[in-house]
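Since this is a predicted model, take the numbers as computed values, not measurements.
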Amino acid sequence: MTQPTTIRREHGRRPLLLDLFSCAGGAGMGYRRAGFDVVGVGVGVDIVPRPNYPFTFHQGDALAFLTALITSGEIRRFEAVHASPPCQAGCALTVGTNRSQGWGGTHVDLVPPTRALLEQTGLPYVIEQPNGRAEIRKDLWLCGEMFSLGVLRHRNFELGGWTIEQPAHPKHRGRVRGYRHGRFYDGPYVAAYGSGGGKATVAEMQQTMGIGWTDVREELTEAIPPAFSEHIGRALRTSLRTGVAA
């Protein structure tokens, strides 16, 4: 089992948040801007290093790491947990286009074991997933247009032990730029996934999502805009201060 190293807060005043399946830190940066100190953990035992992650980072299996924190009692150092388990099993692309064309392979759904461990912590938590068939409660869903971004990036969030008001969804200003069934469409938003077909360049993804600390395409395509988690984090901090959360 993965053994967590001793985790200390950088400044001693900010609440400490655990960022599971953290990739390059899109979510972590938003929570940091909302006033948390952040500790990130990788996705699995075969994870590549994430030198671009902007905060404390532990390479290894996120669920094993969380289990060790619970067993040792170190989980009590944290005030909340965010988790973005791999979404390939339930994302719209996998259950839609890829499946209809016979593309791709079998993906493991890590949401249920992640939720089970998060509930054991007794801490308020957030589970993030893209649109699709992932089995999470849609307690909150966010869109880039809510934050005047150049990417839509619809995401669903399950909240454990606390609540947040759902913001209104502004009407989209047009289409997402790119090819659809052999036809090119222009629009005010870029597609921050994949490559080719008119999809966003690395520079465009950095600009539209507000992520300037990594230029790795794979990290950018898997990230959520920090504006999303900053919005969530500010509400979570209010819940923690008022004693509403968990």
Side-chain angles (χ1 to χ4, degrees), residues 7-41 50 52-58 62 66 69 75-85 114 118 121-130 136-170 206-214 219-220 222-246:
I7 298 168
R8 295 185 174 86
R9 302 185 184 187
E10 296 176 16
H11 303 291
R13 295 182 180 177
R14 292 167 171 257
L16 191 61
L17 180 135
L18 183 61
D19 180 16
L20 296 174
F21 310 100
S22 53
C23 196
M29 181 61 77
Y31 286 110
R32 175 70 177 194
R33 292 172 181 170
F36 287 89
D37 276 344
V38 181
V39 173
V41 184
R50 296 293 183 185
N52 294 321
Y53 190 81
F55 313 113
T56 302
F57 178 78
H58 295 271
L66 179 56
L69 286 174
I75 192 64
R76 291 191 293 271
R77 295 178 178 270
F78 295 90
E79 300 288 342
V81 187
H82 174 99
S84 297
T114 299
L118 291 175
T121 69
L123 298 175
Y125 67 78
V126 179
I127 301 176
E128 175 264 324
Q129 290 284 281
I136 68 168
R137 295 191 314 273
K138 296 178 176 61
D139 298 321
L140 173 71
W141 64 279
L142 297 177
C143 165
E145 184 59 29
M146 296 175 179
F147 305 94
S148 301
L149 302 179
V151 62
L152 294 178
R153 210 65 162 173
H154 294 114
R155 288 295 184 271
N156 301 313
F157 301 86
E158 177 178 318
L159 310 179
W162 70 291
T163 61
I164 185 175
E165 183 177 350
Q166 172 64 50
H169 186 204
Q206 289 175 313
Q207 179 179 3
T208 57
M209 291 198 292
I211 299 176
W213 60 90
T214 179
E219 293 181 344
L220 290 164
E222 292 185 2
I224 64 170
F228 287 14
S229 50
E230 182 176 359
H231 174 78
I232 294 170
R234 291 188 183 281
L236 178 54
R237 285 212 65 189
T238 297
S239 293
L240 291 170
R241 285 195 298 266
T242 58
V244 174

Looking at [atom1] of [X] and [atom2] of [Y], how far apart are the two atoms once the value is rounded to the nearest 0.5 Å?
| X | Y | atom1 | atom2 | answer |
| --- | --- | --- | --- | --- |
| His169 | Glu145 | NE2 | CD | 7.5 Å |
| Leu66 | Leu20 | CG | CG | 5.5 Å |
| Leu118 | Leu123 | CG | CG | 8.5 Å |
| Asn156 | Gln129 | CG | CD | 8.5 Å |
| Ile232 | Leu159 | CD1 | CG | 7.0 Å |

Do [X] and [Y] have side chains that approach each other closer than 4.5 Å (heavy atoms only, starting at C-beta)?
| X | Y | result |
| --- | --- | --- |
| Pro15 | Asp37 | no |
| Phe78 | Leu69 | yes |
| Val41 | Leu18 | yes |
| His82 | Phe21 | no |
| Tyr31 | Asp19 | no |
| Ile224 | Ser84 | no |
| Met209 | Arg153 | yes |

| Verdict with supporting geometry, Leu17 and Val81, side-chain contact (heavy atoms from CB on, under 4.5 Å) | CA-CA 6 Å; Leu17 180 135; Val81 187; over 6 Å; no
Are the side chain of [X] and the backbone N or O of [Y] linked by a donor-acceptor pair below 3.5 Å?
| X | Y | value |
| --- | --- | --- |
| Arg237 | Gly35 | yes |
| Thr114 | Pro85 | no |
| Gln206 | Thr214 | yes |
| Ser229 | Ala27 | yes |

Looking at every heavy atom in both [X] and [Y], which two are closest together, and how far apart are they?
| X | Y | result |
| --- | --- | --- |
| Gly26 | Ala223 | CA-CB, 4.4 Å |
| Leu240 | Ala245 | CD2-CB, 4.0 Å |
| Gly25 | Pro54 | CA-CD, 4.3 Å |

| message | Can you list everything that forms a salt bridge (charged side-chain N to carboxylate O under 4.0 Å, His left out) with Glu230? Sequence neighbours excluded, please. | response |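 Salt bridge (charged side-chain N to carboxylate O under 4.0 Å, His left out) list for Glu230, sorted by chain: Arg234.
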| query | Under 4.0 Å between a Lys/Arg side-chain N and an Asp/Glu carboxylate O for Glu219 and Arg50? | reply |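 Looking at Glu219 and Arg50, the cut-off is met.
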| note | Residue set satisfying side chain to side chain contact (heavy atoms under 4.5 Å, CB included) with Thr208, at least two apart, ordered chain then number -> Val151, Val190
| Partners passing side-chain hydrogen bond (donor to acceptor under 3.5 Å, both in side chains) against Arg137 (at least two apart in sequence or in another chain) |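 Asp139, Glu158.
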| said: Run Leu220 and Ile211 through side-chain contact (heavy atoms from CB on, under 4.5 Å) and show every step you take. | reply: CA-CA 8 Å; Leu220 290 164; Ile211 299 176; 3.8 Å; yes
| task | Check step by step if side-chain contact (heavy atoms from CB on, under 4.5 Å) holds for Leu236 and Phe36. | result | CA-CA 10 Å; Leu236 178 54; Phe36 287 89; 3.8 Å; yes
| field | Trp213: ring pair (Phe, Tyr, Trp, His ring centres under 6.0 Å) partners, not counting sequence neighbours | value | none
| Under the ring pair (Phe, Tyr, Trp, His ring centres under 6.0 Å) test, which residues partner Phe147, sequence neighbours left out? |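 Result, ring pair (Phe, Tyr, Trp, His ring centres under 6.0 Å) vs Phe147: Phe228, His231.
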| Is there a donor-acceptor contact under 3.5 Å linking the side chains of Thr56 and His58? | no
| said: Run the side-chain contact (heavy atoms from CB on, under 4.5 Å) test on Leu16 and Val39 for me, step by step, so that the C-alpha distance in whole Å, both residues' side-chain angles and the decisive distance to 0.1 Å come before the verdict. | reply: CA-CA 8 Å; Leu16 191 61; Val39 173; 4.0 Å; yes
Output a table of donor-acceptor pairs, distance under 3.5 Å, between side-chain atoms of residues 160-168 and any protein atom two or more places apart or on a different chain; print 'none' if there are none.
residue : atom : partner : partner atom : Å
Trp162  : NE1  : Tyr125  : O            : 3.3
Gln166  : OE1  : Trp141  : N            : 3.0
Gln166  : NE2  : Trp141  : O            : 2.9

| request: Could you tell me how the ring of Phe57 sits relative to the ring of Tyr53: parallel (under 30°), tilted (30 to 60°) or perpendicular (over 60°)? | output: tilted
